[in-house]
Enquirer: 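My questions will all concern the structure given below.
Keep in mind it's a predicted model, so treat the numbers as computed, not measured. Order of listing sets the numbers, starting from 1, for every ligand and every atom in it.
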Amino acid sequence: MHELKIGLLGCGIVGKGVANILIQNQQLIQSRAGIRLTLKTVADIDTESGRGIPLDEGVFITDAFKVVDDPEIDVVVELIGGKTIARELILKAVDNGKHVVTANKALIAEHGNEMFQKALEKGVEIAYEASVGGCMPIIKTLRESLIGNHIHSMTGILNGTCNYILSKITDTGISFEEALGNAQAIGFAEADPTLDVEGFDTAHKLTILSSIAYGMALNLKDIYTEGITRITPMDIEFARQFGYRIKLLAISKNNGDSVDARVHPAMISDSNLLSNVNGSLNAVAVTGDAAGDIVLYGHGAGMMPTASAVISDLADIARNRLSGIKNRIPPLSFQPDHIKTLPIMPIDEISTHYYCRFSAVDSPGVLSKISGILGQYGISIKSVHQKGRKTKGSVPVVMLTHLAKEADIQRALAEIDGIDVVNEKTVIIRIAEEEELE
Ligand code: HSE
């Protein structure tokens, strides 16, 4: 009987999901893959963590290093997370000639170049479908289904926590802090939500997608990253009045000799598919020169959706093994000698449309002062709205701009925020360019 023996490292939420699918759907998977996927060992330091999973005596152990050193194990599934022990275990497994499946986006984004190089040298695979978008097969889509396309751009909602919080503020008008508390209470946000709400988790995922799509080395450090902590119900309400919704977007465009890749809250038209992706759901829109637009939509996190992606990687490895194939698909989709070092544009160099909310004194001449400074920096105003009168000595004045350069906006706002009729730091939210999204 053909068999692939699996060692699972980490039996938390996703680990349990993987174990359960491997046990409950074993026959189904075997009937498709043509090879039996057997969970040989599960390692977790918490001896209680395997509770409820129908594992045979001796399958559950506490020492993960025993798994990566076990000569009988063919594939190691790393679901421990973090960048230290997980990295050490993966490198050891690779060194020992084992394939690896991981959901660890931070590790791939930061250390993937080095880890993939080592895996290629050893003739093993590091598969990572579960690292981006949970159950959505975005990595398989980019690496395999769209192989004939130049990928022009990708726009994604890749963090369920942020999408849940923004949807909650949009639906109820509560503050960011309240919405975060709500997300934490129902288990959608971590006790320390920094990775999610500051946009870092999304940046890890965008780093991975940009590399696969454009054939560039993984480059997390140059991706501009801004989270959702400063988004207010007032800005969401203004956005609604202008026909937009606010989402934390991962935006990536291939300009040929550089890449525009960034993570920040953005306004998108309420007629756009992505603006209707609500709650903890994820979606990613990809534009290729042959395929045109494709949108994937689904659960980007959680036990079973993420486990589903892990199993898909395991089945690929099993099928390759059955056919005697190694490294059929290069880790970052392009052959290693075709991976380029494409620069990522600094945020100052991007051009987009802007929503600016000024907190200004409500008196004659204020608008002309603000618009005068914008004009000095070549920023053209598309529309101006002032709703209501004074709130705490100032009134919100909202301007939408035509296409403007980020550096000019920042210089203009630094000047505007210094004038006596402006009371608070101006809020800006970039508006995703409609032509790319619709
Ligand atoms: N914390 C992530 C999210 C899931 O909220 O989408 C794992 O990447």
Enquirer: Side chain or backbone of Thr306 under 4.0 Å from ligand 1, or both, or neither, by non-hydrogen atoms?
Expert: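 Thr306 to ligand 1: no contact under 4.0 Å from either part.
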
Enquirer: Closer than 4.0 angstrom, basic N to acidic O: yes or no for Asp270 and Arg240?
Expert: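 Answer for the salt bridge query: no.
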
Enquirer: Should the heavy atoms of other residues, nucleotides or ligands under 6.0 Å from NE2 of His264 be counted, would the total exceed 12?
Expert: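 Enclosed: over 12 neighbouring heavy atoms sit under 6.0 Å from NE2 of His264.
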
Enquirer: Do the ring centers of His385 and Phe242 come within less than 6.0 Å of each other?
Expert: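 For His385 and Phe242, the ring centres are under 6.0 Å apart.
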
Enquirer: For atom 5 (O) of ligand 1, what is the closest protein heavy atom, and at what distance to 0.1 Å?
Expert: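 Result for atom 5 (O) of ligand 1: Thr161 OG1, 2.5 Å.
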
Enquirer: Compute the shortest N/O to N/O distance between Lys105 and ligand 1 and return yes if it is under 3.5 Å, no if not.
Expert: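 Looking only at distances, the answer is yes, because the N/O contact criterion of under 3.5 Å is met.
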
Enquirer: Check whether any N or O atom of Gly160, backbone or side chain, sits under 3.5 Å from an N or O atom of ligand 1, and answer yes or no.
Expert: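 Between Gly160 and ligand 1 (N or O atoms, distance only) the closest approach is under 3.5 Å.
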
Enquirer: What residue and atom, counting heavy atoms only, is the protein's closest point to atom 1 (N) of ligand 1, and at what distance?
Expert: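 Of every protein heavy atom, Asp196 OD1, 2.9 Å lies nearest to atom 1 (N) of ligand 1.
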
Enquirer: Give the atoms of ligand 1, by number and element, whose distance to some non-hydrogen atom of Asp201 is under 4.0 Å.
Expert: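 Taking each heavy atom of Asp201 in turn, ligand 1 has 2 (C), 8 (O) under 4.0 Å.
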
Enquirer: Give a yes or no on whether a salt bridge exists between Arg430 and Glu226, defined as a side-chain N under 4.0 angstrom from a carboxylate O.
Expert: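 The answer is yes: the pair qualifies as a salt bridge.
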
Enquirer: Between Arg328 and Glu144, is there a side-chain N and carboxylate O pair less than 4.0 Å apart?
Expert: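 Judged by the 4.0 Å cut-off on N to carboxylate O distance, Arg328 and Glu144 do form a salt bridge.
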
Enquirer: Looking only at heavy atoms, is any part of Asn159 under 4.0 Å from ligand 1, and if so is it the side chain, the backbone, or both, or is it neither?
Expert: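 Both parts.
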
Enquirer: Taking all atoms of both residues into account, what is the closest heavy-atom pair of Ala179 and Ile169, and its distance?
Expert: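 Nearest heavy atoms, Ala179 then Ile169: CB-CG1, 3.8 Å.
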
Enquirer: Closer than 4.0 angstrom, basic N to acidic O: yes or no for Lys83 and Glu110?
Expert: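 Salt bridge between Lys83 and Glu110, a charged N being under 4.0 Å from a carboxylate O: yes.
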
Enquirer: Contact between ligand 1 and His204 is defined here as a heavy atom of the residue under 4.0 Å from a ligand atom; is it met?
Expert: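 No, His204 has no heavy atoms under 4.0 Å from ligand 1.
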
Enquirer: Which of the atoms of ligand 1 are close to Ala301, meaning less than 4.0 Å from one of its heavy atoms?
Expert: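 Under 4.0 Å from Ala301, ligand 1 has these atoms: 4 (C).
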
